J.: 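Below is one structure. I have some questions about it.
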Protein chains: 2
Amino acid sequence: MKKNSKNLPPYRHSLAGTLLAAREAVMAPIRPMLAEAGVTEQQWRVLRVLDDSGPIDLKTLADSALLFGPSVTRILKDLVERELVIRQANPKDGRGAIVSLSASGRTLIEETATHTILQLSLYSKKFGDKRLKNLIAELRALIKAIDG
Amino acid sequence: MKKNSKNLPPYRHSLAGTLLAAREAVMAPIRPMLAEAGVTEQQWRVLRVLDDSGPIDLKTLADSALLFGPSVTRILKDLVERELVIRQANPKDGRGAIVSLSASGRTLIEETATHTILQLSLYSKKFGDKRLKNLIAELRALIKAIDG
DNA sequence: TTTTATAATTTAACATGTTAAGTATATGAC
DNA sequence: GTCATATACTTAACATGTTAAATTATAAAA
């Protein structure tokens, strides 16, 4: 009888492993371009989300950027200092803040978007546009199934 | 005409964002159990890979566990000290080492595998076994398409 | 055999992941 | 209005992500 661990696939072929490898394949070519623009991937995610749906509170920002609360606090400290982001007290809730993109933050996002779009369309071309859309839909269905 | 950044979907619905969210959904319920067993997710990945295909060299270990070289060096230092892993000089290459699971490392992997299998079968049940297999296959096809 | 290039790690440095706890504020029950 | 509970952050602490560089060994070219 097989040991328990032999009832699991090799890590690289597991669900978690394949998801991590796929994410790395997608992001690895984009990181150097972000570094050239002077931001890390996580900082870029913050700016991206603020461009998508700012001004927002920190909890919404953390959720949308897929970052932990303490990470957002730390990242924002830096982005505020560099004036890429504007932070204001939340008039509706004294505990928190509302964050938005500054003009120079918006410029940085615009500049990096060009390359990101290029890279993504490369992936689309190689994998198939419809196929990629289906994959994203299936991933979202998986998330929904797991989280409820 | 739309700005470049408006030609990108909201981050949470992007390919990279969806992959990260899916991975988080999969791993979040497993981490507390790993913490109870006394290992972090990354340490567990190392033990997992050594169980799958040890003894192996550090580069193979890093690739299979989806970890950066410096991370593997650091993680191994701790696992060797805790005697979960055995490290030996590589007779075939003086630059590196060969790493394998110790008996207590194997025990830990056995113990955590039970819970991991449970969790994965829960995902399977909720999402569909065949559908999950298809998703993993599509992810691997995506990786292949991007990396070449 | 010698020289050059490449590779396998490790180290350094800084950013972020992750969990727990603290502080201040908001909400809900009574 | 008071009190208990929950929430939005922040801080602390430690682990790992990520890039660059260093060290040592191996492989390839001349």
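Letters A, B, ... mirror the listed sequences (proteins, then strands); counts begin at 1. Keep in mind that this is a model prediction, so the values were computed, not measured.
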J.: Indicate yes or no: at least one non-hydrogen side-chain atom of A:Leu67 is less than 4.5 angstrom from one of A:Arg74.
T.: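 Not in contact.
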J.: Should B:Leu61 and B:Leu76 count as side-chain neighbours, where that means a heavy-atom distance under 4.5 Å?
T.: yes
J.: Would you indicate which nucleotide in C:dA15, C:dT10, D:dT10 comes nearest to any side-chain atom of B:Pro70?
T.: C:dT10
J.: Determine whether the side chains of A:Asp63 and A:Thr60 contain a donor N or O and an acceptor N or O closer than 3.5 Å.
T.: no
J.: So if I take every side-chain heavy atom of B:Gln43 and compare against D:dT16, C:dT16, D:dT18, which nucleotide ends up nearest?
T.: D:dT16
J.: Contact list please: residues 75-89 of chain A against DNA chain D, heavy atoms, distance less than 4.0 Å, in numerical order.
T.: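 Output list: A:Arg87.
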J.: Using atom CG of B:Asn90 as one end and atom C1' of C:dA8 as the other, report the distance to the nearest whole Å.
T.: 10 Å
J.: Between C1' on D:dG17 and CZ on A:Arg23, what's the gap in Å once rounded to a whole number?
T.: 10 Å
J.: Could you check how far CE of B:Met27 sits from P of C:dT19, rounded to whole Å?
T.: 10 Å
J.: To the nearest Å, give me how far apart CD1 (A:Ile30) and P (D:dT19) are.
T.: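 So the CD1-P distance, A:Ile30 to D:dT19, works out to 13 Å.
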J.: Identify whether the distance between the nearest side-chain nitrogen and carboxylate oxygen of B:Glu41 and B:Arg45 falls below 4.0 Å.
T.: yes
J.: Round to the nearest Å and state the distance from A:Glu41 atom CD to D:dT18 atom P.
T.: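 After rounding, the reported distance stands at 7 Å.
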J.: Indicate yes or no for a side-chain donor-acceptor contact from B:Tyr123 to the backbone of A:Ile146 under 3.5 Å, with no hydrogens or angles considered.
T.: no
J.: Classify B:Thr40 by what it touches in the nucleic acid, base, sugar-phosphate, or nothing, heavy-atom distance under 4.0 Å.
T.: sugar-phosphate
J.: In whole angstroms, how far is the C1' atom of D:dT16 from the CG atom of A:Leu20?
T.: 12 Å
J.: Please name all residues satisfying side chain to side chain contact (heavy atoms under 4.5 Å, CB included) with B:Ala28, sequence neighbours left out, ordered by chain then number.
T.: B:Glu24, B:Arg31
J.: Under the side-chain hydrogen bond (donor to acceptor under 3.5 Å, both in side chains) rule, collect the residues that match up with A:Gln42, sequence neighbours excluded.
T.: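 By the side-chain hydrogen bond (donor to acceptor under 3.5 Å, both in side chains) rule, A:Gln42 matches no residue at all.
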J.: On DNA chain D, nearest-nucleotide positions of A:Gln42 versus A:Gly69: which is more 5'?
T.: A:Gly69
J.: B:Arg45 CZ to D:dA15 C1': how many Å, rounded?
T.: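 Nearest whole value for this atom pair: 12 Å.
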J.: With heavy atoms under 4.0 Å as the rule, sort A:Arg74 into base, sugar-phosphate or nothing.
T.: base
J.: Counting the atoms with a prime plus P, OP1 and OP2 as sugar-phosphate, which does B:Thr73 contact under 4.0 Å by heavy atoms, base, sugar-phosphate, or nothing?
T.: base
J.: Could you work out, with side chain to side chain contact (heavy atoms under 4.5 Å, CB included) as the rule, every residue matching A:Asp78, not counting sequence neighbours?
T.: A:Gln43, A:Arg82
J.: What's B:Asp57 touching, base or sugar-phosphate or nothing? Going by heavy atoms closer than 4.0 Å.
T.: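 B:Asp57: backbone/sugar contact only, no base atoms under 4.0 Å.
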J.: Run the salt-bridge test on B:Lys59 and B:Asp57 with the 4.0 Å N-O cut-off and return the result as yes or no.
T.: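 Looking at B:Asp57 together with B:Lys59, the answer is no, because their closest N to O distance does not fall below 4.0 Å.
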J.: Detail all sub-3.5 Å separations between protein N/O atoms and N/O atoms belonging to nucleotides 25-29 of chain D.
T.:
| unit_1 | atom_1 | unit_2 | atom_2 | d |
| --- | --- | --- | --- | --- |
| D:dA25 | N3 | B:Arg95 | NH1 | 3.2 |
| D:dT26 | OP1 | B:Gly94 | N | 3.1 |

J.: Name every residue in residues 58-68 of chain A that has at least one heavy atom under 4.0 Å from any atom of DNA chain D, in order of residue number, or write none if there are no such residues.
T.: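 Under 4.0 Å from DNA chain D: A:Leu58, A:Lys59.
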J.: For A:Ser121, is there any backbone N or O sitting under 3.5 Å from a side-chain donor or acceptor partner on A:Ser124?
T.: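 Checking the backbone N and O of A:Ser121 against the side chain of A:Ser124, no donor-acceptor pair under 3.5 Å is found.
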J.: Taking C-beta and beyond as the side chain, do A:Arg12 and A:Thr18 meet within less than 4.5 Å on heavy atoms?
T.: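 No, too far: nothing below the 4.5 Å cut-off.
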J.: For B:Lys126, does the NZ atom have more than 12 heavy-atom neighbours from other residues, nucleotides or ligands under 6.0 Å away?
T.: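 Enclosed.
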J.: Looking across every strand, which nucleic acid part, if any, lies under 4.0 Å from B:Ala97 by heavy atom: base, sugar-phosphate, or nothing?
T.: sugar-phosphate
